[in-house]
2 protein chains.
Amino acid sequence: MSDHQEKEQPRRRQARGERRIAQLLQAAASVFCTTGYTAASTNAIAREAGVSPGTLYQFFPNKEAIAIELGDRLMHEMRETYGEALATVDPATPLEQAIETAVDRFIEFNCRRPEFFALMHGPDAPGRIAEAHDALHATLVARVETLLTGFLPDTPAPDVHRVAQVCLGIYKAGLELVLAHEGAEREAYVQELKDVLLRYLTPLTHVARTP
Amino acid sequence: MSDHQEKEQPRRRQARGERRIAQLLQAAASVFCTTGYTAASTNAIAREAGVSPGTLYQFFPNKEAIAIELGDRLMHEMRETYGEALATVDPATPLEQAIETAVDRFIEFNCRRPEFFALMHGPDAPGRIAEAHDALHATLVARVETLLTGFLPDTPAPDVHRVAQVCLGIYKAGLELVLAHEGAEREAYVQELKDVLLRYLTPLTHVARTP
DNA sequence: GACAAACGCGAGTGGTCGCTCGCATTCTGA
DNA sequence: TCAGAATGCGAGCGACCACTCGCGTTTGTC
């Protein structure tokens, strides 16, 4: 039991290889973004990156691994950029400001990296990607739940869970509308999204506020 | 210019043929529902229907035509069941009741025919299906807009348009949650959906209500 | 400079899918 | 009864896709 090397020993990479990987991931992001994961062909990704199919498979064992690595890097960039974006809000701040901050941050990230939405909310997701998606969703639900618990202290847990799910659904729907528009129109949809969430949640806090 | 027959002269069908078509469409609905349009293979549809691939192509010229015909029948059934579901609401009825009725009707239909959601909100849609989807969406937006105009008489048209889009986005998000749950939990999500819409729209009517 | 390893290529392989074709069977109408 | 049309079959065709392989090129190391 001493010699089982679980997975690939990571091949020694030259600087050129790392550059190629970044290039390929950028091409993959572009292709995934326009065609979705399933419809994207590895040949198309290689062509977009200006390399041959064989070169692509020098750095990724299969198509899924490309999406996995891209997803991992996006997730890492997200955490790096915002830290625990939602965790910094404490119940002392008004609900309106909490929504404002959270929505602005996530919208900004999704506008800057549209491939994140394409990968995560895309309909076609093979094994590991679907897992990653579910994991992220579960994390977000849990985070929103703890946040909501601060605002709705007397609401029973199952209800909080449901409200969190609804909030994320609303956010996703709003994000789609936001990404589909530009400039001033986009800003207007962002504001609508905030309004929807605020008006949905405000009455819940009032009900819970009992002396 | 007298003899160009634009499209197919509809072949004379026997009763057996009509039965096969219904059988194939039901199989297609099942397969589309579980795998989505693109991932669904015509062979799988034929197998599900218990016939050979050749038989399938006796009745449909290609894979897209299957989805088109299925979509058409679903649309027809929807109109037949609910008539102009949203048109029957007049501004005299309270907003709450209007939302109640519209949401209940559409939710019921989508629960009874889940393939409708799979076809319409599925990510993969080739030419004509995407067109049908866009047409349906445009119709719904227009309908919701006229409804909203009754409740928000003083709101400018672009704002009404945006609000209608947001309402449909919320509905779609809610529908996904509803379809993902069963029984009492499902009912709870239906109620949340109604609450979201009502709370989102109510302040708009108050603002517009000027003496 | 020499050797090995990493990089790069693109034709090729196996598999799947949409769809066809030749032929057999069943039904319709006279 | 019988010709012709509709129905039914399933092996197979062409296209495409994920992925491989053999071989040539570049890079790091001594």
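Below, read A as the first sequence line, B as the second, and so on, with proteins coming before strands; counting in each chain starts at 1.
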Suppose we screen for side chain to side chain contact (heavy atoms under 4.5 Å, CB included). Which residues come up paired with [X], at least two apart in sequence or across chains?
| X | value |
| --- | --- |
| Lys194(B) | Ile99(B), Glu100(B), Val103(B), Asp104(B), Val190(B), Gln191(B) |
| Glu96(B) | Leu198(B) |
| Ala173(A) | Ala173(B) |
| Phe109(B) | Glu77(B), Met78(B), Tyr82(B), Arg112(B), Arg113(B), Phe116(B) |

Query - DNA chain D: 5'-most and 3'-most nucleotides touching chain B, 4.0 angstrom heavy-atom criterion - result: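 First-to-last contact on DNA chain D, by the 4.0 Å heavy-atom rule, is dA6(D) to dG10(D).
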Requested in this report: Using the side chain to side chain donor-acceptor pair (under 3.5 Å) rule, collect all pairs that involve residues 15-25 of chain A, keeping only residues at least two apart or in two chains.
Outcome: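 For residues 15-25 of chain A: Gln14(A)-Arg16(A), Arg20(A)-Gln23(A).
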Query raised in the report: With sequence neighbours left out, which residue pairs that include part of residues 117-137 of chain B fulfil the side chain to side chain donor-acceptor pair (under 3.5 Å) condition?
Result: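 Of all non-adjacent pairs touching residues 117-137 of chain B, those that pass side chain to side chain donor-acceptor pair (under 3.5 Å) are Thr38(B)-Asp124(B).
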**Report entry** ring-ring contact (aromatic ring centres under 6.0 Å, His included) involving Phe60(A) - partner list, sequence neighbours excluded
**Finding:**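 ring-ring contact (aromatic ring centres under 6.0 Å, His included) list for Phe60(A), sorted by chain: empty.
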Query - By salt bridge (Lys or Arg N to Asp or Glu O under 4.0 Å) - contacts of Glu187(A) (at least two apart) - result: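 Salt bridge (Lys or Arg N to Asp or Glu O under 4.0 Å) list for Glu187(A), sorted by chain: empty.
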Give each protein N/O atom lying under 3.5 Å from an N/O atom of nucleotides 28-30 of chain C, with the pair distance.
{"from": "dT28(C)", "atom 1": "O3'", "to": "Arg12(B)", "atom 2": "NH2", "distance (Å)": "3.4"}
{"from": "dG29(C)", "atom 1": "OP1", "to": "Arg12(B)", "atom 2": "NH2", "distance (Å)": "3.0"}

Report task. Going 5' to 3' through nucleotides 9-23 of chain C, assign each nucleotide B (protein heavy atom under 4.0 Å from a base atom), S (under 4.0 Å only from sugar-phosphate atoms) or - (no protein heavy atom that close). Result -> BB-------SBB---
**Report entry** Pairs meeting criterion ring pair (Phe, Tyr, Trp, His ring centres under 6.0 Å) with involvement of residues 171-192 of chain B, two or more places apart
**Finding:**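 Sorted result for residues 171-192 of chain B: His181(B)-Tyr189(B).
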